[in-house]
Amino acid sequence: MYDYVIVGGGLFGGVMAFHAVKRGKSCLVVERRAHLGGNIYCEDVEGIPVHRYGAHIFHTSDREVWQFVNGLVEFNRYTNCPVANYRGEMYNMPFNMNTFSKLWGVTTPEEARAKIEAQKSGICGTPANLEEQAISLVGTDIYEKLIKGYTEKQWGRECRELPSFIIKRLPVRYTYDNNYFNDLYQGIPIGGYNGLVEKLFAGCDVRLETDYLKEKRELDVLGRRVIYTGALDAYFGYCFGKLEYRSLRFEDELYDTDNYQGVAVVNHTDREVPYTRTIEHKHFDCTRDCGEIPKTVVTKEYPVAWEEGMEPYYPVNDGKNQELYRKYEELAKRERNVIFGGRLAEYRYYDMDKVVRSGLEAAKREFGA
Ligand code: FAD
Ligand code: UDP
């Protein structure tokens with residue numbers, strides 16, 4: 001009999017496993033995929049750690065979280081500076097003086113502000129949706145070239161039908177600074193994320209390629225308590241209906257060149273190109289000369305509508321889905337022996353640091369400080 005059956009080998013499960021093992025508890029990890037790590041898993045291709053489920057950059061202002069992960073593995077000094085490709089025109093991201101200067105030929109923050117002020121004049125009051133929020137932050141030119149197409153591909157719906165908080169993830173800066181994040185700390189574990197995953201799950205028994213929900217009865221009797229990090233609606237057999245998610249399809253190419261696009265992340269922001277991002281993984285290893293490996297792996301990221309059986313990558317946190325989630329949450333509160341946590345079970349657009357924070361809080365509640 002294990003103390004815990006942990007469903008899902010991602011970051012939330014890992015933080016809980018780490019703290020359980022530290023206190024002498026026994027854990028069985030049940031993971032549907034053929035590997036641990038959840039969406040941070042990396043696959044070695046030609047000596048390059050390929051971020052199998054999309055680009056993952058750790059960034060946080062939460063010192064305890066940063067110290068926790070740095071206590072386990074060493075991070076490099078990678079700083080995310082993606083570039084947007086709009087019909088062959090290249091713009092720096094996030095929206096900053098480099099972007100404004102390329103777009104309008106302006107040279108000072110004052111000129112850039114004046115441009116944006118003039119373009120946002122149609123919007124008054126609190127922005128009601130993503131389109132209004134975007135125009136009020138950066139004006140119509142940037143909205144049309146760098147936001148509208150990308151967002152509609154990514155979410156499969158009009159910007160007017162999306163919540164405004166999504167676009168507030170991106171900084172808008174009146175300085176020549178291409179850093180995508182405002183956080184105090186940023187980096188990627190040297191060699192990729194698998195070393196971190198190994199440290200988190202050290203000391204656990206693991207069953208891969210096992211769907212907990214298909215074998216729930218047999219697995220439940222193996223542990224005193226369950227830590228569940230899968231989708232909440234799936235746990236309850238979709239009894240109130242399905243929550244919406246967005247899924248992705250990843251397509252890899254191996255090229256015989258040491259440097260294909262000159263940067264780790266290119267965002268493809270027009271509507272016509274069917275993918276949203278191309279990721280050249282070797283550039284995440286920023287302290288290594290890219291000439292050291294003569295080949296390179298580039299992954300195209302295609303957004304797709306989620307259906308049962310696909311990986312649910314992004315929750316769709318609009319009003320309708322939030323309301324449905326609340327109903328499942330009420331059921332979850334009644335499950336005495338189960339701890340629910342992580343991006344899927346909490347149905348939140350969590351970055352990694354928020355998942356680690358949520359795991360640390362759950363561990364404090366479960367095991368004490
Ligand atoms: P997951 O990693 O999803 O782990 C859950 C695990 O549970 C999965 O392995 C799944 O297979 C397993 N599982 C589910 N149901 C079952 C079942 N029934 N039986 C057995 N196993 C099951 N965050 C950042 O901070 N920076 C980034 O740059 C970043 N980029 C991202 C890019 C993409 C494309 C995506 C999708 C996410 C990105 N994130 C990023 C978010 C990050 O991936 C998550 O915050 C984090 O990995 C979530 O960890 P988790 O443990 O909650 O979930
Ligand atoms: N976004 C955009 N253009 C870009 C990049 C992002 O319009 O070039 C919008 C889009 O709506 C996206 C949101 O900003 O969903 C958040 O972007 P982020 O890079 O944080 O997305 P994630 O890495 O979570 O997929």
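Along the sequence shown, residues are numbered consecutively beginning with 1. Start at 1 and go down the list; that is how both ligands and their atoms are numbered. Note that the coordinates shown come from a computational prediction; the quantities given were computed from them, not determined experimentally.
- The closest approach between a heavy atom of Asn80 and any atom of ligand 1 is not below 4.0 Å.
- Atom 26 (N) of ligand 1 has Ile57 O, 2.8 Å as its closest protein atom, hydrogens excluded (heavy atom only).
- Remark: among candidates Ala55, Gly54, Ser247, the nearest residue to atom 30 (N) of ligand 1 is Ala55, based on non-hydrogen atoms.
- Remark: Arg334 pairs with no residue by the side chain to side chain donor-acceptor pair (under 3.5 Å) rule, at least two apart or across chains.
- The residues Arg87 and Glu272 are annotated as salt-bridged, a charged nitrogen and a carboxylate oxygen being separated by less than 4.0 angstrom.
- Side chain to side chain, Thr140 and Gln119 meet the donor-acceptor criterion of an N or O pair below 3.5 Å.
- Tyr174 has its ring centre less than 6.0 Å from the ring centre of Phe100.
- Under a cut-off of 6.0 angstrom, the local environment of CZ in Arg207 is sparse, with at most 12 non-hydrogen atoms contributed by other residues, nucleotides or ligands.
- Of the protein's non-hydrogen atoms, the one nearest atom 4 (O) of ligand 1 is Gly10 CA, 3.6 Å.
- Residues Tyr255 and Val298 are in side-chain contact: their nearest non-hydrogen atoms beyond the backbone lie under 4.5 Å apart.
- Between the side chain of Asp3 and the backbone N or O of Ser26, at least one donor-acceptor pair lies under 3.5 Å.
- For Tyr91 and Tyr86, the ring centers are positioned 6.0 Å apart or more.
- Residue, atom and distance of the protein heavy atom nearest to atom 35 (C) of ligand 1 are Arg343 NH2, 4.0 Å.
- Within ligand 1, counting atoms from 1 as listed, the ones closer than 4.0 Å to a heavy atom of Val30 are 20 (C), 21 (N).
- Side-chain atoms of Arg173 and Asn98 form no donor-acceptor pair, as typed in the model, at a separation below 3.5 Å.
- Around ligand 2 you find Met93, Leu146, Ile147, Tyr150, Thr151, Gln154, Trp155, Ile166, Ile167, Arg169, Leu170, Tyr180, Asn267, Thr269, Arg277, Tyr314, Tyr349, each with a heavy-atom distance below 4.0 Å.
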